[in-house]
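Some notes on the structure that comes next.
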Amino acid sequence: MDVIYKDGRAILREAAEFEPAHIFDNGQCFRFIRQADGAYHGVAHGRFLCVEKNGADVSLSPCSRDEFEGIWNGYFDLGRDYAKLFAGCGDRALLEGRKYGQGLRVLNQEPFETLISFIISANNNLGRIRGIVDRICKACGEPFEYAGRTYHAFPTPGRLATLDVDGFAGCGCGYRSPYLRETARQVADGFDLEALRSLPYGEAKKQLMRLKGVGPKVADCVLLFSLGKADAFPADVWIKRVMKNLYGFEGNDRQVYAFAKKKFGKNAGIAQQYLFYYARENKLV
DNA sequence: TATCAGGACCAGT
DNA sequence: ACTGGTCCTGAT
């Protein structure tokens, strides 16, 4: 990946495998919002970032060399060569999905933010999840200024644990409020999310599911989107429909995972993201 | 002990 | 009336 630094920006040259819309509007991330001019504005790692595509180049700003190498390179999973992914897999649906979804990348987000966001995602839709997460950040996330505007970092576990159930409910969390309060408190009290990185997939998933509001689907999302487990395969109602329609496979979460692991290998979770595109293009969902 | 099915559940569109 | 699931309960 060719990167140049200029005027406080990092510019990725000829970034065919980086398409902001496919990255930010696919449901993995809730804090980057499309602006009227097509750029995406968001907050991660306690800082503001503007992401926009200019022709074949991608611009990240503000972004110094240190910020790129220390934060965004990892956040956007730029160490992985997506062009080579599944190239020889021979699976028609997946290759079609790759084509339609080119430029999609699986982010490496912050584990606590991902955990809380996906507890909120249960029985919910993208627009509403964004609203709830935004209100939570405004309620107790650290404020900071950028270009004359105020933004909020995602709350630390300690800060989020100061919200009571009514506080969560006031942000629109509904019946999830007690789950969120309990989970925030558990993490604030020492539940070590980072430690899960070094555990094998199955063990890490079991640990996550001890937290309130975390079932198999939410656990897989946290593992895939924030803990580097590319084989985690979130089995939601949509992907189950895809599995049935494309592969004639039906089963419970565990069976879907086993099938996906066998079929798509160690990057099954990334394959899952592309399969959505195939399904969408073919009006299967 | 493990697995499974069924109902309840906020709130915005 | 619908929603990118989870919790709880009771049954096998």
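We name chains A, B, ... by the order of the sequence lines, and we start the count at 1 in each one. Computed from heavy atoms alone, side chains included, the values below leave out hydrogens, waters and symmetry copies.
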Exercise. Roughly how many Å is it from CG in Asp166(A) to C1' in dC10(B), rounded to a whole number?
Worked result: 14 Å
For this session: Report yes or no: is there a donor-acceptor pair, N or O only, under 3.5 Å between the side chain of Tyr179(A) and the base of dG5(C)?
Result: no
Exercise. Taking for each residue the nucleotide of DNA chain B with the nearest heavy atom, is it Asn124(A) or Asn252(A) whose nucleotide lies nearer the 5' end?
Worked result: Asn252(A)
Exercise. Without hydrogens or angle criteria, can the side chains of Glu113(A) and Gln109(A) be said to hold a donor-acceptor pair below 3.5 Å?
Worked result: no
Exercise. Cation over ring, Arg181(A) on Phe168(A), under 6.0 Å and within 45°?
Worked result: no
For this session: Report which part of the nucleic acid Asn26(A) touches: base, sugar-phosphate, or nothing (heavy-atom distance under 4.0 Å, all strands).
Result: base
For this session: Nearest whole angstrom, please: distance from the P of dG5(C) to the CG of Leu180(A).
Result: 16 Å
For this session: Answer yes or no: does a side-chain N or O of Lys212(A) lie under 4.0 Å from OP1 or OP2 of dC8(C)?
Result: yes
For this session: Please report, rounded to the nearest Å, how far the P atom of dC7(C) is from the CZ atom of Arg210(A).
Result: 13 Å
Problem set entry | Closest nucleotide among dG4(C), dT3(B), dC9(B) to the Tyr175(A) side chain | dC9(B)
Problem set entry | Euclidean distance for P, dT6(C) against dG12(B) (whole angstrom) | 22 Å
For this session: Take atom CZ of Phe168(A) and atom P of dC10(B), then tell me their distance rounded to the nearest Å.
Result: 16 Å
Problem set entry | Selected nucleotide, minimal atom distance to Val237(A) side chain, candidates dT3(C), dG4(C), dT3(B) | dG4(C)
Exercise. Going by modelled atom types, is there a donor-acceptor pair between the base of dC10(B) and the side chain of Arg128(A) at under 3.5 Å?
Worked result: yes
For this session: Can you label the angle between the Tyr247(A) ring and the Phe264(A) ring as parallel, tilted or perpendicular, going by 30° and 60°?
Result: perpendicular
Seminar exercise, completed: The nucleotide from dT3(B), dT3(C), dG5(C) with an atom nearest the side chain of Lys217(A) is dG5(C)
For this session: Using whole Å, report how far CE of Met209(A) lies from C1' of dT3(B).
Result: 12 Å
Exercise. Is Glu250(A) salt-bridged to Lys240(A), cutoff N-O under 4.0 Å?
Worked result: no
Exercise. Mapping Phe118(A) and Gly213(A) to their closest nucleotides on DNA chain C, which lands nearer the 5' end?
Worked result: Phe118(A)
Problem set entry | Interatomic distance, Leu211(A) CG vs dC7(C) C1' [rounded to whole Å] | 14 Å
Problem set entry | Interatomic distance, Leu227(A) atom CG to Leu196(A) atom CG [nearest 0.5 angstrom] | 6.0 Å
Exercise. Will you find, in the side chains of Arg65(A) and Tyr5(A), an N or O donor that is under 3.5 Å from an N or O acceptor?
Worked result: no
For this session: Could you check how far CZ of Arg135(A) sits from C1' of dG12(B), rounded to whole Å?
Result: 9 Å
Problem set entry | Sugar-phosphate only, base, or nothing, as touched by Arg254(A) at under 4.0 Å among non-hydrogen atoms | sugar-phosphate
For this session: Would you indicate, yes or no, if dA11(B) has its OP1 or OP2 atom less than 4.0 angstrom from a side-chain nitrogen or oxygen of Arg176(A)?
Result: no
Problem set entry | Glycosidic class, syn or anti, of dG4(C) using a 90° window around 0 | syn
Problem set entry | Under 3.5 Å on both distances, the Watson-Crick or G-U partner of dG4(C) | none
For this session: Using whole Å, report how far CD of Gln272(A) lies from C1' of dG4(C).
Result: 9 Å
For this session: Give one of base, sugar-phosphate or nothing for Pro234(A), where a contact means two heavy atoms less than 4.0 Å apart.
Result: nothing
